[in-house]
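Following: one structure in structure tokens, then a few remarks.
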Number of protein chains: 2
Amino acid sequence: MPDTRSQIVEAADKLFYERGYEHTSFADIAAVVGLSRGNFYYHFKTKDDILEAVIDLRKSRTQVLLEGWAEQAHTPIERLDRFIGMMVMNSPKIRRHGCPVGTLCTELAKLEHPALPNAGMLFTLFRQWLAAQFTQLGFGGKADGLAMQLLARSQGIATMANAFDDEEFIRQETEQLRVWLRALAPTGQPN
Amino acid sequence: MPDTRSQIVEAADKLFYERGYEHTSFADIAAVVGLSRGNFYYHFKTKDDILEAVIDLRKSRTQVLLEGWAEQAHTPIERLDRFIGMMVMNSPKIRRHGCPVGTLCTELAKLEHPALPNAGMLFTLFRQWLAAQFTQLGFGGKADGLAMQLLARSQGIATMANAFDDEEFIRQETEQLRVWLRALAPTGQPN
DNA sequence: GTCTATACCCAGATAGAC
DNA sequence: GTCTATCTGGGTATAGAC
């Protein structure tokens with residue numbers, strides 16, 4: 001049985017993703033948790049505080065996710081496949097709400113919100129993990145660039161699938177990503 | 001000297017791009033135009049009406065833009081280069097506010113706003129124009145898929161450049177897009 | 001820790017004078 | 001066609017009883 005604060009952050013995380021940060025009100029979150037608006041402020045002073053808590057929650061979950069992939073898959077290519085597979089697994093949600101990281105950063109950029117760099121850290125976690133896989137494949141100085149390229153392509157797929165409400169597009173384009181990956185490192189080694 | 005209605009749509013177009021649709025208030029737009037809030041409703045009944053007008057403005061401008069490229073560039077490859085060049089030319093704005101089309105669609109999807117399909121038409125205009133170029137290159141049934149791929153990659157570049165506040169990334173990745181394009185159609189013909 | 005009540009502000013939207 | 005004045009609702013945030 002989780003404590004109230006955790007329930008609030010959990011509900012906020014979900015609603016911020018589904019409806020966006022600004023479009024989610026305290027009342028929305030309170031209704032999900034089954035809490036009065038007044039009691040809300042015992043746990044969080046401002047809406048920005050909830051946002052920080054949500055980003056921190058996502059950061060720790062991302063860490064766990066990436067560590068899990070590193071344990072379960074034993075070659076860099078298999079690990080990169082896990083990243084791509086995540087998009088396919090989440091395709092129904094991506095189609096409806098886009099990428100949780102990308103759409104949050106996009107919104108915070110428009111708001112000129114001070115939490116944008118913190119949200120960007122979510123990208124950075126993936127970036128460094130992906131770059132580590134490319135480094136293990138022997139890409140040296142190109143590893144970070146390839147990580148960014150893979151991140152960017154996944155963002156583009158999510159944005160278009162969301163705009164066109166098209167889940168099949170995710171399946172097609174992730175397959176293309178796998179082809180690209182194999183062409184890049186056919187034997188698990190760089191050219 | 002443009003009429004008031006045009007001024008309103010112009011100001012709304014700019015503010016919706018820079019701050020987002022929901023985050024822009026009537027007061028914000030009225031302040032730019034130098035109009036009282038009350039007078040606003042003589043020109044537009046609801047905020048959604050302004051959004052529709054903004055999308056229509058963008059659609060007609062996109063048409064003009066694409067027709068201009070078709071006139072100025074005489075080969076499909078040159079025309080596709082114009083599309084890529086647009087990103088480089090607008091890189092300062094993309095870095096700060098993202099892609100005007102992509103970020104609008106992302107926001108409207110979160111709001112479950114009925115204007116999302118209309119905003120998606122902006123993507124469709126580019127999609128069809130790009131597909132026409134790939135068709136001229138002889139790609140036949142693959143043309144639309146390539147158009148979507150190019151659109152998706154440009155969206156990814158915009159999202160990452162915006163999140164990381166990185167203009168250099170746009171320059172790098174658009175260069176990669178040009179390389180990809182040449183590899184795809186080395187002699188202006190498909191493989 | 002949780003509640004009700006409420007302050008305060010700003011949003012979208014309307015009425016009616018000029 | 002533009003203005004001022006105003007309504008109404010919802011948002012964040014606070015005070016204080018239980």
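Just so it is clear, the values below take in all heavy atoms, side chains as well, and ignore hydrogens, waters and symmetry mates. Within every chain, numbering begins at 1; the chains are lettered A, B, ... in the order of the sequence lines, protein sequences first and strands thereafter.
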Closer than 4.0 Å, any side-chain N/O of His43(A) to the OP1 or OP2 of dT2(C)?
-> yes
Thr4(B) side chain N/O closer than 4.0 Å to the phosphate oxygens (OP1, OP2) of dG1(D)?
-> no
Donor-acceptor contact below 3.5 Å, side chain Lys47(B) vs main chain Thr24(B) | yes
For the side chain of Lys47(A), starting at C-beta, report the closest nucleotide among dA13(D), dG12(C), dC3(C).
-> dA13(D)
How long is the line joining NE2 of His23(A) and C1' of dT12(D), in whole Å?
-> 16 Å
Does dC10(C) have OP1 or OP2 sitting under 4.0 Å from an N or O in the side chain of Ser25(B)?
-> no
Any side-chain N or O of Tyr42(B) less than 4.0 Å from the OP1 or OP2 oxygen of dG1(D)?
-> yes
Checking dT4(D), dA13(D), dA13(C) against the side chain of Phe26(B) (C-beta onward), the nearest is dA13(C)
N-O pairing of Asp28(A) and Lys14(A) below 4.0 Å = no
Side chains of Ser6(A) and Asp3(A): donor-acceptor distance under 3.5 Å anywhere?
-> yes
Consider the side chain of Ala27(A), meaning its heavy atoms from C-beta on, and name the nucleotide among dT14(C), dT4(C), dG11(D) that approaches it most closely.
-> dG11(D)
Ring-ring centroid check Phe44(B) Phe26(B), cutoff 6.0 Å = no
Find the distance Asp3(A):CG to dT2(C):C1' and express it as a whole number of Å.
-> 15 Å
Atom pair distance, as rounded to whole Å: CZ in Phe40(B) and C1' in dT4(D) = 17 Å
To the nearest Å, how far apart are Tyr41(B) OH and dG16(C) C1'?
-> 16 Å
Gap between atoms CZ and P, on Arg37(A) and dC8(C) respectively (whole Å) = 17 Å
Contact under 4.0 Å: Asn39(A) side-chain N or O vs dG1(C) OP1/OP2 = no
